[in-house]
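Below is one structure, written out as structure tokens; comments come after it.
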Amino acid sequence: MTPHQRKISATVSHLLEWYPKNARDLPWRRSRDPYAIWVSEIMLQQTQVNTVMPYWERWMQALPDIAALAKADSQTLHKLWEGLGYYSRVRNLHRAAGEIVQLHSGRFPERFEEILELPGIGPYTAGAIASIAFNQARPILDGNVIRVLARVWGLGGDPRSAVVRDQLWQTARELVEAASKPAAKDQTASRRRHCADLNQALMELGALICTPRQPQCEVCPLRADCKALLTQSVDALPALPKRPKTTRRYFQAYIVERRGKFLVRQRGEGAVNALLWEFPNVETGSAKADPREHSSRLLGSVSTVEPIATFQHSITRYRIQVQVYRVAGVHPRLAEGRWVSRGELSALPCSSAHRRIARLAAEPVPCRT
DNA sequence: ATCCTGGTGC
DNA sequence: GCACCAGGAT
């Protein structure tokens, strides 16, 4: 046995020992249903556990199986996803459910290659489903696992470079394959879900102990195996490249209310936040752009334009300032969009920013003094 | 306030 | 190699 193989095997033992005692009791971990695990993995892409939990519960309640998802309409799905962001994920879930019904008789495929074919499922998610739902020896590599492996093996260099990325995948593969083979010293009945547990342990360790900042190396199950700890380079690993600087952008949004109804419009298929509903808005060049000029250009004609609020939000690398105005005197014939009641508005799927504007719209018009 | 985080698809 | 979103940590 080479030193490398010994390290792989020690890491597997330590992780499998640690995981059952330290894993969080997350709702999707109580399920073996590949559908439930798939939904959780898609939600967990780019989104944190605490955010996902209520969404997953609601989703599973509303759409308990693949057939229910396949039959659901786009508006229901977007409403269930509202606020999670990256809305292409929900469209891909729907398309994939359709493919599973058509191509796999409604049963979630078990072969890795077939899982990987489904829309919205890449190498990470396919590995996660194969290992967690079906206990197959498939590696996973997400941000958490990259951090753990880069530190334990002391891998410098950009983890996104081909060389380091291949090293990381190879290590992840060796770990899960080692977990899949019964160890000489431990052949009790407890050896069963070891591929599932090993992969989840890697992620859980990254989430709870081997964190980006202030990792808890003192209590880490891999502290005896960790190269970075030995060489005091934990804080320097993984060596991620700096993110590009954020760009400031400025938007104005208009609350147009007439006879208790609000003017809203639906975003196009190819746009950011595709198919979501929004208040009329324009991107301007600066925070000082004239709201009267921009709103009348967008809405035909306006009488009064009153500032309501300003807030910030972020999409990808953009830092966006939204100035919200209440606009009166809009000709319903000139303004494009749909007029909806307060109740209808709350039923339409919106991005977080426009849901926020909807809350402002619901507030009573402030009295002028 | 200012920093940081994250898989897939094109 | 970039676009996609909404947060959390400090």
Side-chain angles (χ1 to χ4, degrees), chain A residues 37-56 78 80-96 99 115-132 138-148 150 158-162 165 168-169 172 199 202-203 206-208 210-216 235-249 251 267-276 278 310-322 349-357:
Chain A
I37 291 163
W38 169 41
V39 172
S40 77
E41 287 298 336
I42 300 300
M43 286 185 174
L44 287 163
Q45 291 170 4
Q46 279 77 22
T47 311
Q48 305 201 313
V49 166
N50 286 337
T51 306
V52 164
M53 273 200 283
Y55 282 89
W56 185 86
H78 280 87
L80 284 165
W81 206 267
E82 182 183 278
L84 271 183
Y86 292 99
Y87 298 93
S88 63
R89 294 183 292 174
V90 75
R91 295 192 296 275
N92 283 333
L93 271 172
H94 195 204
R95 284 170 47 210
E99 289 189 13
I115 301 173
L116 188 57
E117 290 274 315
L118 295 168
I121 297 187
Y124 162 76
T125 307
I129 296 169
S131 63
I132 298 169
R138 294 289 178 174
I140 52 160
L141 195 65
D142 71 348
N144 283 322
V145 180
I146 287 172
R147 191 165 56 252
V148 171
D158 181 353
R160 280 178 258 182
S161 71
R165 197 182 55 222
L168 289 163
W169 275 108
N199 279 348
L202 281 169
M203 294 193 284
L208 298 180
C210 194
T211 49
R213 284 175 285 190
Q214 299 175 20
Q216 297 180 253
D235 291 336
L237 297 175
L240 291 165
K242 281 176 196 162
R243 288 214 165 196
K245 280 180 195 162
T246 56
T247 308
R248 287 181 190 288
R249 293 172 71 176
F251 283 76
R267 296 183 62 88
E269 294 235 10
V272 175
N273 294 329
L275 304 180
L276 298 188
E278 65 181 12
T310 299
F311 65 88
Q312 310 287 329
H313 83 120
S314 309
I315 67 168
T316 60
R317 65 177 204 277
Y318 301 109
R319 189 99 173 105
I320 295 170
Q321 183 195 73
V322 185
C350 303
S351 68
S352 284
H354 283 270
R355 182 52 60 201
R356 195 164 165 176
I357 299 167

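- Atom CD of A:E117 sits in a sparse spot, with 12 or fewer heavy atoms from other residues, nucleotides or ligands closer than 6.0 Å.
- Following rounding to the nearest Å, A:W38 (CH2) and B:dT8 (P) show an atom-to-atom distance of 14 Å.
- Atom-to-atom, CZ of A:R355 to P of C:dA6 comes out at 12 Å; the value is rounded to the nearest Å.
- To the nearest whole angstrom, the two P atoms, one in C:dG8 and one in B:dT8, are 23 Å apart.
- Between A:R267 and A:S351, the side chains place no donor N or O within less than 3.5 Å of an acceptor N or O (distance only, hydrogens not considered).
- With distances taken from any side-chain atom of A:R213 to the nucleotides C:dA6, B:dT8, B:dC4, the minimum falls on B:dC4.
- In this model, the phosphate group of B:dT8 is approached by a side-chain N or O of A:T125 to a distance below 4.0 Å at OP1 or OP2.
- Nearest nucleotide to the side chain of A:Y124, out of C:dA6, B:dG7, B:dG9: B:dG7.
- Residue A:R249 qualifies as enclosed at atom CZ: its count of foreign heavy atoms under 6.0 Å is above 12.
- Rounded to whole Å, the P atom of C:dT10 lies 14 Å from the corresponding atom of B:dG6.
- Comparing B:dT5, C:dA3, B:dG7 by their nearest atom to the side chain of A:R317 picks out C:dA3.
- Across the protein-nucleic acid pair, A:L84 atom CG and B:dG7 atom C1' stand 15 Å apart, rounded to whole Å.
- Between the CG atom in A:L84 and the CH2 atom in A:W56 there is a gap of 14.0 Å [rounded to 0.5 Å].
- Distance check on atom P: B:dC3 versus C:dC5 gives 24 Å, rounded to whole Å.
- Note on A:R356: nothing from the nucleic acid sits closer than 4.0 angstrom, heavy atoms only.
- Rounded to whole Å, atom C1' of C:dC4 lies 13 Å from atom NE2 of A:H313.
- Rounding to the nearest 0.5 Å places CD1 of A:I129 at 6.0 Å from CD1 of A:I42.
- With 3.5 Å as the limit, one finds a donor-acceptor pair spanning the side chains of A:R95 and A:N92.
- For the pair A:P119 and A:Y86, nearest-nucleotide mapping onto DNA chain B gives the more 5' position to A:Y86.
- One can place CD1 of A:I42 at 15 Å from C1' of C:dC5, the figure rounded to the nearest angstrom.
- Contact annotation for A:T47: no contact, since no heavy-atom pair falls under 4.0 Å across all strands.
- Atom pair A:I315:CD1 and C:dG7:P shows a separation of 14 Å (rounding to whole Å applied).
- No hydrogens or angles were tested; on distance alone, a donor-acceptor pair under 3.5 Å links the side chain of A:Q46 to the base of B:dG7.
- Separating the CG atom of A:N50 from the P atom of C:dG7 is a distance of 12 Å, rounded to the nearest angstrom.
- With rounding to whole Å, A:L44 atom CG is found 17 Å from C:dA6 atom P.
- The 5' end of DNA chain C is approached more closely, in terms of each residue's nearest nucleotide, by A:V272 than by the other of A:Q214 and A:V272.
- In this model, the phosphate group of C:dC5 is approached by a side-chain N or O of A:N273 to a distance below 4.0 Å at OP1 or OP2.
- Closest to the side chain of A:T51, from the set C:dG7, C:dA3, B:dG7, is C:dG7.
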